[in-house]
S.K.: 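I have a structure I would like to understand better, so I am pasting it below and will then ask my questions one at a time.
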Amino acid sequence: DVDPGQLGGAQRRHYEAVTTGRTVVDPGLGKVLAGLVEPVSFLDFEAVSPLFPLFTGHKPYQTTVTQYSLHVSDPSSPGSLSHRDFLLSPGSDPSAVWSHLLASLPPSGSIVVYSHYERTQLLAASRLYPRYAGRLVAAVGRLWDLEKAVKLVG
């Protein structure tokens with residue numbers, strides 16, 4: 001048996017949600033989410049780090065982003081999202097991921113990610129592809145890390 005009196009804040013909320021069957025929302029969540037700027041985009045990368053480089057100029061185990069998924073909110077239609085994605089074709093130019101992403105991102109608004117991974121890849125791409133550097137670094141400045149937000153209210 002669990003003694004709820006010995007549980008901390010997040011543990012207590014989880015316990016309450018499980019034992020009552022109700023959704024429990026941290027009272028600080030609204031304040032954290034208020035930092036988001038519309039339109040809100042949700043970005044996720046997938047990558048490979050092969051021993052044998054797939055592309056000219058790449059090194060063994062170099063991370064290469066091969067796919068992204070981007071959902072973008074529509075401020076004029078609350079709750080609606082459009083989806084944009086890209087999958088790098090074998091043998092194609094790996095910079096195509098970045099040119100496509102930059103064309104797909106709205107010019108303003110928060111870009112929600114979960115953890116530092118997308119930030120790391122955007123910055124690496126800005127060094128690898130100088131022609132996109134300014135826009136990639138600008139996108140980094142718009143990142144909003146959901147992992148940090150969860151830890152703040154957790």
Side-chain angles (χ1 to χ4, degrees), residues 9-11 13-14 16-17 22-154:
Q11 292 173 329
R13 284 190 298 280
H14 292 161
E16 182 182 334
R22 294 183 325 210
T23 300
V24 177
V25 178
D26 185 284
L29 183 60
K31 186 175 181 179
V32 170
L33 295 178
L36 290 169
V37 176
E38 292 282 354
V40 179
S41 300
F42 302 87
L43 179 62
D44 181 49
F45 292 147
E46 300 301 331
V48 295
S49 302
L51 167 61
F52 299 106
L54 301 175
F55 304 101
T56 303
H58 284 212
K59 299 175 179 151
Y61 300 111
Q62 179 176 336
T63 300
T64 302
V65 174
T66 56
Q67 178 179 0
Y68 74 80
S69 176
L70 178 70
H71 290 82
V72 180
S73 69
D74 179 355
S76 66
S77 179
S80 70
L81 295 171
S82 62
H83 181 247
R84 304 161 191 178
D85 60 19
F86 183 82
L87 177 60
L88 189 64
S89 299
S92 62
D93 177 0
S95 72
V97 170
W98 307 109
S99 62
H100 195 278
L101 174 64
L102 290 168
S104 296
L105 278 172
S108 62
S110 298
I111 303 169
V112 177
V113 296
Y114 191 84
S115 85
H116 62 87
Y117 182 75
E118 281 73 15
R119 178 183 191 280
T120 300
Q121 297 313 314
L122 287 163
L123 290 174
S126 75
R127 291 186 297 275
L128 195 57
Y129 306 110
R131 66 187 177 273
Y132 301 130
R135 293 185 293 158
L136 291 169
V137 170
V140 168
R142 295 167 46 201
L143 295 181
W144 194 90
D145 190 341
L146 183 59
E147 181 183 37
K148 288 180 183 175
V150 167
K151 289 180 179 179
L152 281 175
V153 297

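Nothing fancy with the numbering, it's 1 onward along the sequence. Computed from a predicted structure; not experimentally measured.
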S.K.: Rounded to the nearest 0.5 Å, what's the gap from CZ on R135 to CG on L102? Could you check?
M.R.: 4.5 Å

S.K.: So do V113 and D44 actually touch side chain to side chain, heavy atoms under 4.5 Å?
M.R.: no

S.K.: Any side-chain heavy-atom pair from S108 and P39 closer than 4.5 angstrom?
M.R.: yes

S.K.: Taking the side chain as every heavy atom from C-beta outward, state whether V112 and V40 have any pair of such atoms under 4.5 Å apart.
M.R.: yes

S.K.: Kindly indicate, with the supporting measurements, whether the criterion side-chain contact (heavy atoms from CB on, under 4.5 Å) is fulfilled by L122 and L101.
M.R.: CA-CA 10 Å; L122 287 163; L101 174 64; 4.1 Å; yes

S.K.: Tell me whether F55 at atom CZ has more than 12 heavy atoms from other residues, nucleotides or ligands lying less than 6.0 Å away.
M.R.: yes

S.K.: To the closest 0.5 Å, what do you measure between NZ (K31) and CG (D26)?
M.R.: 11.5 Å

S.K.: Is the backbone of L70 close enough, under 3.5 Å, to the side chain of R84 for a donor and an acceptor to pair up by distance?
M.R.: no

S.K.: Hey, does V65 have a side-chain heavy atom less than 4.5 Å from the side chain of F86?
M.R.: no

S.K.: Give a yes-or-no answer on whether the side chains of S69 and H83 include a donor-acceptor pair shorter than 3.5 Å.
M.R.: yes

S.K.: For the backbone of K59 and the side chain of Q62, can you confirm whether one donor and one acceptor N or O come within less than 3.5 Å of each other?
M.R.: yes

S.K.: For the residue pair E38 and S73, confirm or rule out a side-chain donor-acceptor distance under 3.5 Å.
M.R.: yes

S.K.: Taking all atoms of both residues into account, what is the closest heavy-atom pair of P94 and L88, and its distance?
M.R.: CA-CD2, 3.8 Å

S.K.: Return the orientation label for the Y68 and H100 ring planes: parallel under 30°, perpendicular over 60°, tilted otherwise.
M.R.: tilted

S.K.: When rounded to the nearest 0.5 angstrom, what distance separates CZ in R119 from CG in L43?
M.R.: 14.0 Å

S.K.: Strictly by modelled atom types, are T64 and H58 linked by a side-chain donor-acceptor pair under 3.5 Å?
M.R.: yes

S.K.: Between Q121 (side chain) and F45 (backbone), is there a donor-acceptor pair under 3.5 Å?
M.R.: no

S.K.: Are the side chain of D145 and the backbone of S115 linked by a donor-acceptor contact shorter than 3.5 Å?
M.R.: yes

S.K.: Would you indicate whether the side-chain heavy atoms of W144 and V37 approach each other to under 4.5 Å?
M.R.: no

S.K.: With a 4.5 Å cut-off on side-chain heavy atoms, are V150 and L146 touching?
M.R.: yes

S.K.: Can you tell me how far apart CG (L51) and CG (L54) are? Round to the nearest 0.5 Å.
M.R.: 10.5 Å

S.K.: Of the non-hydrogen atoms in R131 and S95, which two are nearest, and what is the gap between them?
M.R.: NH2-OG, 2.8 Å

S.K.: Are L81 and V72 side-chain neighbours, meaning at least one heavy-atom pair lies under 4.5 Å?
M.R.: no

S.K.: Which heavy atom of S126 sits nearest a heavy atom of L136, and at what distance?
M.R.: N-CD1, 3.6 Å

S.K.: Side chain of S80, backbone of S77: donor and acceptor closer than 3.5 Å?
M.R.: yes

S.K.: When rounded to the nearest 0.5 angstrom, what distance separates CZ in F42 from OG in S110?
M.R.: 9.0 Å

S.K.: Within the 4.5 Å heavy-atom criterion, are Y117 and T63 side-chain neighbours or not?
M.R.: yes

